[in-house]
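Taking it in order: structure first as structure tokens, then the write-up.
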Amino acid sequence: AQSVTQPDIHITVSEGASLELRCNYSYGATPYLFWYVQSPGQGLQLLLKYFSGDTLVQGIKGFEAEFKRSQSSFNLRKPSVHWSDAAEYFCAVGAGSGGGADGLTFGKGTHLIIQP
Amino acid sequence: DAMVIQNPRYQVTQFGKPVTLSCSQTLNHNVMYWYQQKSSQAPKLLFHYYDKDFNNEADTPDNFQSRRPNTSFCFLDIRSPGLGDAAMYLCATSWRGSETQYFGPGTRLLVL
């Protein structure tokens, strides 16, 4: 069975500083990987996804993520954070032969706090 | 705009009183999912429909049922809610083969 580990429960970053959120996955086949963001009381918004090809993927809101097969990682980065980036961030892996079509397995999330 | 809609956004029910949560979509996607997200936890898949084919996760309690009368609508029925069922319930949709899921805003369920 697949699993996702987000080792950092909370991260605090100063506004304007760079950000990296860690994600490690366990999956027997080629993974379908996703990053979602959730603001308080809201649903999940897709930031970016990786299926194949270029291992550095660009997403919305200036985020990017790099897939590293050798490290089973899919870390999320942003060069300069804004106060509006404060939210919960979830890494997820797609299950089943249809990638995410049979459902996603989520990590426990990383709560991002932005200091002024 | 095409979207995933969940009603109501907040639902209060009594212990043991059946409750139904609603999800509709204008994306015409053939897969619809229900996730349960308890406070400060990751979303957990309960079940999903691929067209009319129902796929239940092995550890989803029997207390949770789902119906999909047509492509656009999917319902989550909780037959006898317990205090432990208080959570945010997220509906998502996808087109099988595209892998990407689109989430609704969620319904927060409170059980008194």
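Just so we're clear, the structure is a prediction, and the values are computed from it rather than from any experiment. Residue numbering restarts at 1 for every chain, and letters A, B, ... go by the order of the sequence lines.
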When only heavy atoms count and the cut-off is under 4.5 Å, which of residues 64-77 of chain A reach chain B?
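Under the 4.5 Å heavy-atom cut-off, nothing qualifies.
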Do you see a donor-acceptor pair shorter than 3.5 Å between the side chains of Tyr35(B) and Gln101(B)?
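Result is yes, a qualifying pair exists.
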Would you say Asp77(B) and Thr20(B) are linked by a side-chain donor-acceptor pair, where the criterion is simply a distance under 3.5 Å?
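Present: a donor and an acceptor within the cut-off.
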Given that the side chain runs from C-beta out, which part of Leu46(A) has a heavy atom under 4.5 Å from chain B: side chain, backbone, both or neither?
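Contact with chain B is through the side chain of Leu46(A) alone.
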Side chain, backbone, both or neither: which part of Gln45(A) has a non-hydrogen atom closer than 4.5 Å to chain B?
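Contact with chain B involves no heavy atom of Gln45(A) at all.
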Are the two sulfur (SG) atoms of Cys74(B) and Cys91(B) closer than 2.5 Å?
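Cystine link not detected, SG atoms outside the 2.5 Å cut.
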Under 2.5 Å between the SG atoms of Cys91(A) and Cys23(A): is that the case?
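The sulfur gammas are closer than 2.5 Å, so yes.
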Given the options Lys108(A), Gln6(A), Gln42(A), which has more heavy-atom pairs under 4.5 Å with chain B than any of the others?
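Most heavy-atom pairs within the cutoff with chain B belong to Gln42(A).
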Is the gap between the ring centers of Phe90(A) and Tyr36(A) under 6.0 Å?
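Distance test on ring centres: not under 6.0 Å, no.
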Between Tyr49(B) and Phe73(B) (judged by ring centroids, cut-off 6.0 Å), do the two rings come close enough to count as a pair?
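Centroid separation for Tyr49(B) and Phe73(B): 6.0 Å or greater.
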Counting only heavy atoms closer than 4.5 Å, note whether Gln37(B) contacts chain A via side chain, backbone, both or neither.
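It is the side chain, since no backbone atom gets that close.
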Heavy-atom pair count under 4.5 Å with chain A, highest-scoring of Ala92(B), Gly106(B), Pro43(B), Pro105(B):
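Of the options given, most contacts go to Pro43(B).
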Quick one: list whatever passes ring-ring contact (aromatic ring centres under 6.0 Å, His included) with Tyr89(A), sequence neighbours left out.
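By the ring-ring contact (aromatic ring centres under 6.0 Å, His included) rule, Tyr89(A) matches Phe63(A).
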Does Leu112(B) form a side-chain contact (heavy atoms from CB on, under 4.5 Å) with Thr13(B)? I'd like the steps, not just the answer.
CA-CA 6 Å; Leu112(B) 300 178; Thr13(B) 191; over 6 Å; no
